[in-house]
Novice: 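Here it is: the structure, laid out below.
The figures that follow rest on heavy atoms only: side chains count, while hydrogens, waters and symmetry mates do not.
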Protein chains: 2
Amino acid sequence: MPATIRDVALLAGVSPSTVSRALSVPDMVNVDTRARVAIAVERLHYHPNRAARGLITGRTGNVGLVVPDVANPFFASVVKGVQARARRDDIAVFVADTDEEPAVEAGLIRALAKQVDGLVLCSPRSSAEDLAAIAEETNVVLINRGVMGVTGIRFDDEDAMRQALAHLVALGHRQIAWVAGPDASWSNQHRTVGLRAAATARDVELIEVGNFAPTYEGGVAAADQVVATEATAVVTYNDLIAIGLLSRLHARGISVPDDLSVLGVDDIEMSRMAIPALSTIRLPQQRAGQIAVETLIGLITMPEAVPPILRSNALTGELIVRNSTGPAPSPKGRKRSP
Amino acid sequence: MPATIRDVALLAGVSPSTVSRALSVPDMVNVDTRARVAIAVERLHYHPNRAARGLITGRTGNVGLVVPDVANPFFASVVKGVQARARRDDIAVFVADTDEEPAVEAGLIRALAKQVDGLVLCSPRSSAEDLAAIAEETNVVLINRGVMGVTGIRFDDEDAMRQALAHLVALGHRQIAWVAGPDASWSNQHRTVGLRAAATARDVELIEVGNFAPTYEGGVAAADQVVATEATAVVTYNDLIAIGLLSRLHARGISVPDDLSVLGVDDIEMSRMAIPALSTIRLPQQRAGQIAVETLIGLITMPEAVPPILRSNALTGELIVRNSTGPAPSPKGRKRSP
DNA sequence: TTGAAAGCGCTAACAC
DNA sequence: GTGTTAGCGCTTTCAA
């Protein structure tokens, strides 16, 4: 049975309220009273019951994090970032995995909302209306998703695509394929738009294939369509797709990057382990999680400090060059299997 | 401001206790009273405040999960399993990532223990004493770790190694290398012992190298030592090491499985994406998480139903054959680079 | 600087 | 079947 504040008070020979003060506003209590309390706390291994405290202060000291799939390395990194930042402020985090099912999502979020001070949401699937509604009820920070009136942390997809294209163009590529991710995905839309703009600006031919699932299997499925184009390089919606692509290309005897350059987006752990190691645009996932928590803490402690409409923050990606991108083959040099 | 039980009571024209009963023990209240309450609940979007309930029942309806690193795919799967099972019982889960630092671990666990009904611990690093002490204070289920007197879910490492060896022996291998994981790791010890026993039983020469970190880098580092042995096949502590091995072997021009067969343990997501796809012993990580929660619920609801000493449950692995294991090369057929 | 008292939202006796 | 009462562990007026 854990010690209560009364146990501590008894042992220290003071009243419960003094103990409470000694712990939360030390300045307001006499130095040696404080010391006596400290000793009692120590001896009893006392930790305040957060639920009880929350009941009265209205703050739980907890935040919730909702992700579609913790086993997806992209989200795993976000979780890590959230964790790290939350721990610094002694905040505990509820994690909910929606299993990619939007139906589950709504219910889970409601349930969580009751016991946290705020929510970090990675919800590529939920509707903007649903998200806005939740943001009415509790503090919410969205990751990688823009919804009017809701605070969000996003990646600068347009810039990422600009960097991707700059790299490939510098290598001599002029015909570049784009393997699109899920049609409904917010970031897929932004990446597609960004890539088109960059392609026009640099006068390269963009060949779009897809949409494909943002998974290894999606990449495997996309490979043959990519090969069938005239492209000498391909940019994929994410690294998982790129890795699937690599696998199928290998099976078909197409050499990367000699025959075809492959460039992913995300820089998940796995990417540097691929053969060949995958060039990619690194999106700072952990950092996004950290900033999300930071923003959330701001929202919780000073709700009025930020203007309510579109407080968005874009994190820029970073080009990581590994071995899957190389110079464009000369037209006759291309030796793809027939 | 969320609705309280009093708001519901007022609207339904009953007392708060009736509302409480209508929700938790419906049978004890009149059918139409119940209906009126239900309507009020609906209209007010009422959800009971779990913290307040917990204060009086002593149950929070939450469990905690502590893992060394959520970004490690092995633990990510465990998290997923825990999540899935907990959701079925409407249990929320706190996840804490210790960042592989045992020092952080102890503090985090204490903090969590206060606000949960029980803890699932993946703590390869913490000392048995620490774990036993925590188990004194709250309900604990350990994953992949045996500690006297503490309930645990483990994988049958010995059997896994038996299966590994059977597979390789059947392919004609007689000299097999073992890349050991961290010396202090509980499962590394068990796997090593299991493998030695199996090797003796089948009369194969076991060549041990290591210890290495259970990471991609660990595998890269181990590769050259493996190559320097006479082994025609290698079993690694886990898949991550195997994938690192694959990478370095590829760089050195050593063909897998023609020159050397590689067999991992775990079957993380990444393994089927490796080139060549990795043969491995699948350990049911999600299932372990599920069973852990199930066991924890048992511990919480009927603490006396299980004998206190060594309630261990071993999950058996399953051999997954992909492309990284093949027949042993004939002695003259081996064409490793000099 | 400290203590007494009230109450956060809820449930569990105990009456009726 | 239902209402009344008390109290879970804590913080926060309000007095002293």
Side-chain angles (χ1 to χ4, degrees), chain A residues 1-38 40-41 44-62 90 92 111 113-117 137-138 301, chain B residues 1-38 40-41 44-62 90 92 110-111 113-117 137-138:
Chain A
M1 200 80 327
T4 80
I5 200 170
R6 303 194 50 174
D7 301 328
V8 178
L10 242 52
L11 184 58
V14 295
S15 79
S17 20
T18 302
V19 175
S20 174
R21 271 188 290 257
L23 290 155
S24 46
V25 267
D27 307 328
M28 281 181 60
V29 359
N30 188 310
V31 196
D32 28 301
T33 325
R34 205 193 303 168
R36 292 219 310 287
V37 170
V41 163
L44 264 31
H45 298 298
Y46 172 73
H47 282 265
N49 179 324
R50 283 185 161 203
R53 171 184 290 173
L55 209 47
I56 184 153
T57 60
R59 295 264 190 78
T60 61
N62 299 327
D90 218 46
K114 291 288 162 187
Q115 24 187 356
V116 300
D117 298 334
E137 297 173 30
T138 181
T301 53
Chain B
M1 200 77 327
T4 78
I5 201 170
R6 302 194 51 173
D7 301 327
V8 178
L10 242 53
L11 184 60
V14 295
S15 79
S17 24
T18 303
V19 176
S20 174
R21 272 187 289 255
L23 275 86
S24 47
V25 266
D27 307 329
M28 282 181 61
V29 359
N30 188 310
V31 194
D32 28 301
T33 326
R34 207 193 303 169
R36 293 219 312 286
V37 170
V41 163
L44 264 29
H45 298 297
Y46 171 75
H47 282 267
N49 180 324
R50 282 187 163 203
R53 172 184 288 174
L55 210 47
I56 183 151
T57 60
R59 294 267 189 78
T60 61
N62 300 327
D90 217 47
R110 294 308 165 100
K114 291 288 164 186
Q115 23 188 356
V116 299
D117 298 333
E137 296 173 29
T138 181

Novice: For the backbone of A/Gly61 and the side chain of A/Arg50, can you confirm whether one donor and one acceptor N or O come within less than 3.5 Å of each other?
Specialist: yes

Novice: Whole-Å distance between D/dG1 C1' and B/Asp32 CG?
Specialist: 11 Å

Novice: Keeping to residues at least two apart or across chains, list the side-chain hydrogen bond (donor to acceptor under 3.5 Å, both in side chains) pairs with something in residues 23-36 of chain A.
Specialist: none

Novice: Once you round to the nearest 0.5 Å, how far does CG of A/Asp7 lie from OG1 of A/Thr4?
Specialist: 4.0 Å

Novice: Measuring only between side-chain heavy atoms, which start at C-beta, is A/Pro2 closer than 4.5 Å to B/Lys114?
Specialist: yes

Novice: For A/Arg50 and D/dC10, give me the distance from atom CZ to atom P, rounded to whole Å.
Specialist: 13 Å

Novice: Where do N or O atoms of nucleotides 2-6 of chain D meet protein N or O atoms at under 3.5 Å, pair by pair?
Specialist:
| residue | atom | partner | partner atom | Å |
| --- | --- | --- | --- | --- |
| D/dT2 | OP1 | B/Thr33 | OG1 | 2.4 |
| D/dT2 | OP2 | B/Asn30 | N | 2.7 |
| D/dT2 | OP2 | B/Thr33 | OG1 | 3.4 |
| D/dG3 | OP2 | B/Ser15 | N | 2.9 |
| D/dG3 | OP2 | B/Ser15 | OG | 3.2 |
| D/dG3 | OP2 | B/Thr18 | OG1 | 2.5 |
| D/dG3 | N7 | B/Arg21 | NH2 | 2.8 |
| D/dG3 | O6 | B/Arg21 | NH1 | 3.2 |
| D/dT4 | O4 | B/Ser17 | OG | 3.0 |

Novice: Is there a donor-acceptor pair closer than 3.5 Å between any side-chain N or O of B/Asp117 and the backbone N or O of B/Thr60?
Specialist: yes

Novice: Output the rounded distance in Å from CG (B/Leu55) to C1' (D/dT11).
Specialist: 13 Å

Novice: Would you compute the distance between atom CZ of B/Arg59 and atom CZ of B/Arg53 and round it to the nearest 0.5 angstrom?
Specialist: 11.5 Å

Novice: Counting just side-chain N and O atoms, does A/Thr4 come under 4.0 Å of either OP1 or OP2 of D/dG9?
Specialist: no

Novice: If we only count heavy atoms from C-beta on, is the B/Leu55 to A/Asn49 side-chain gap below 4.5 Å?
Specialist: yes

Novice: For a 4.0 angstrom threshold against heavy atoms of chain A, report the outermost contacting nucleotides of DNA chain C in 5' to 3' order.
Specialist: C/dT1 to C/dG9

Novice: Tell me: CD1 of A/Ile5 to P of D/dC10, nearest whole Å?
Specialist: 5 Å

Novice: Have A/Ser17 and A/Ser20 got a donor and an acceptor in their side chains that come within less than 3.5 Å?
Specialist: no

